[in-house]
Amino acid sequence: MLSYRHAFHAGNYADVLKHATLVQILRYMTQKDKPLCYLDTHAGAGFYSLNSPEAAKTGEYHQGIELLWQARGLPPALADYQSCVAAACGKHLTAYPGSPWFAQHLLRPFDRLELCELHPADRKQLERTFSSGANVHCYAEDGWHKSIALTPPPERRGVVLIDPSYEIKEDYFKVADHLALLHRKFATGVYAVWYPIADLSRTEVLLRRVRNSGVRRILQLEVGLTSDHTQPGMTGTGMLVVNPPWNLAEVMQPALSWFAARLGEHAYAEVRELVGE
Ligand SMILES: C[S@@+](CC[C@H](N)C(=O)[O-])C[C@H]1O[C@@H](n2cnc3c(N)ncnc32)[C@H](O)[C@@H]1O
């Protein structure tokens, strides 16, 4: 039984890191005039009202998108992300787009989106929002299995977002094996994996397994509210990007440093190579 609903967390600081990074990956990948496939293994609902009871209950977006929503003079990657959110919700911050929305916004008509979502209510909304797009397929299927079937994409150019909720603790173990499996089938794909730091020992296991997976060229981008990860709750969040665009570290470091400075005096941002060539 799936209990996780992204509506409670939409626009939080983890989403800022995840979606700002995704925007820069897609900007880079769409520079080339060749078709691209975007595969979202855990797509969520695709679009979230910030006036919903779920968003009101946690208020997580106050410590996320709201910190930069009206800011001027942002580092270019954050300004780009901010403009995408504004394109989704208009003048007022009453809604927040999910990863499929950012992808559809940035991809071209000849690109394709493959979206997997298991939760019936979120899937319904996902289909309502995206299924009119001729280049979008929504699957009511397990994203772990479906992504294997969909890899490699016929275009031979692809971005895969692996964004589980980690409500099932095996997800921490699954990520590295899954990444290695997809990478064996499609070595030139760009893979973006999101992870939380809520239980440091589990996150360390995930990172160790990824480091030992045999997959190379991995960039790690991390933002934390504090570097003391023994504190309760989600104290940090990260993205791993396999085969990152050459300029990703360069554009994301100032953006994440800016954001960390707004997150609080103990917050940090780090962009580093997890595994080299
Ligand atoms: C963190 S949320 C996704 C957020 C989304 N990628 C975004 O950035 O806007 C994780 C989603 O995965 C869904 N989910 C959980 N297990 C799944 C599975 N095995 N296959 C596909 N979706 C799954 C959950 O219902 C939830 O909506």
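Excluded from the calculations below are hydrogen atoms, water molecules and symmetry mates; all remaining heavy atoms, backbone and side chain alike, are included. All ligand and atom numbering here is 1-based and tracks the order in the structure. Sequential numbering from 1 along the given sequence is applied to the chain's residues.
- For atom 10 (C) of ligand 1, the nearest protein heavy atom (residue, atom name, distance) is Asp163 O, 3.5 Å.
- Every atom of ligand 1 with a heavy atom of Tyr4 under 4.0 Å away is listed here by number and element: 1 (C), 2 (S), 26 (C).
- In this model, a donor atom of one side chain and an acceptor atom of the other lie less than 3.5 Å apart for Ser257 and Gln253.
- Using a 4.0 Å cut-off between a side-chain N of Lys or Arg and a carboxylate O of Asp or Glu, Glu155 and Arg112 qualify as a salt bridge.
- If you check the side chains of Tyr195 and Glu222, you find a donor sitting under 3.5 Å from an acceptor.
- At a 3.5 angstrom cut-off on N or O pairs, Ser165 does not count as close to ligand 1.
- In terms of polar-atom proximity, defined here as any N/O pair under 3.5 Å, His42 does make such a contact with ligand 1.
- Shown in contact with His19 at under 4.0 Å from a heavy atom are these atoms of ligand 1, numbered in order with element: 7 (C), 8 (O), 9 (O).
- Side chains of Asp228 and Gln231: a donor on one and an acceptor on the other come within 3.5 Å.
- Considering backbone and side-chain N/O of Leu161, none are found under 3.5 Å from N/O of ligand 1.
- Taking every non-hydrogen atom of Gly98 and a distance limit under 4.0 Å, the qualifying atoms of ligand 1 come out as 9 (O).
- The ring pair (Phe, Tyr, Trp, His ring centres under 6.0 Å) test with His19 singles out one residue from Tyr81, Tyr13, Tyr96, and that residue is Tyr96.
- Ranking protein heavy atoms by distance to atom 20 (N) of ligand 1, first place goes to Gly143 N, 2.8 Å.
- Here the two rings, on His6 and Tyr48, have centers that are under 6.0 Å apart.
- Residue, atom and distance of the protein heavy atom nearest to atom 9 (O) of ligand 1 are Ser99 N, 2.8 Å.
- Residue, atom and distance of the protein heavy atom nearest to atom 15 (C) of ligand 1 are Leu2 CD2, 3.6 Å.
- Note: Tyr268 and His229 have perpendicular aromatic rings, judged against thresholds of 30 and 60 degrees for the angle between ring planes.
- Side-chain contact check for His119 and Asp122: no donor-acceptor pair (N or O, by modelled atom type) lies under 3.5 Å.
- Ligand 1 is never approached by Arg5 to a heavy-atom distance shorter than 4.0 Å.
- Below 3.5 Å of separation, one finds an N or O of Lys18 facing an N or O of ligand 1.
- For atom 22 (N) of ligand 1, the closest heavy atom belonging to the protein is Leu118 N, 3.3 Å.
- Under 4.0 angstrom from ligand 1, there are no non-hydrogen atoms of Ala10.
- A donor-acceptor distance shorter than 3.5 angstrom exists from the side chain of Asp111 to the backbone of Leu36, with no hydrogens or angles considered.
- For the pair Val190/Val160, no side-chain contact is recorded, criterion being any heavy-atom separation below 4.5 Å from C-beta on.
- Every atom of ligand 1 with a heavy atom of Asp122 under 4.0 Å away is listed here by number and element: 27 (O).
- Here the two rings, on Tyr4 and His9, have centers that are under 6.0 Å apart.
- Residue contacts with ligand 1 do not include Leu22, since none of its heavy atoms lies under 4.0 Å from the ligand.
- Using a 4.5 Å heavy-atom threshold, the side chains of Arg262 and Leu68 count as separate.
- Listed by number with element, the atoms of ligand 1 under 4.0 Å from a non-hydrogen atom of Asp142 are 18 (C), 19 (N), 20 (N).
- The shortest N/O to N/O separation between Glu167 and ligand 1 does not fall below 3.5 Å.
- Between the side chains of His178 and Ser147, at least one donor N or O lies within less than 3.5 Å of an accepting N or O.
- Heavy atoms of Ile168 found under 4.0 angstrom from ligand 1: none, in either backbone or side chain.
- Under 4.0 angstrom from ligand 1, the non-hydrogen atoms of Glu117 come from both its backbone and its side chain.
- Under 4.0 angstrom from ligand 1, the non-hydrogen atoms of Trp144 all belong to its side chain.
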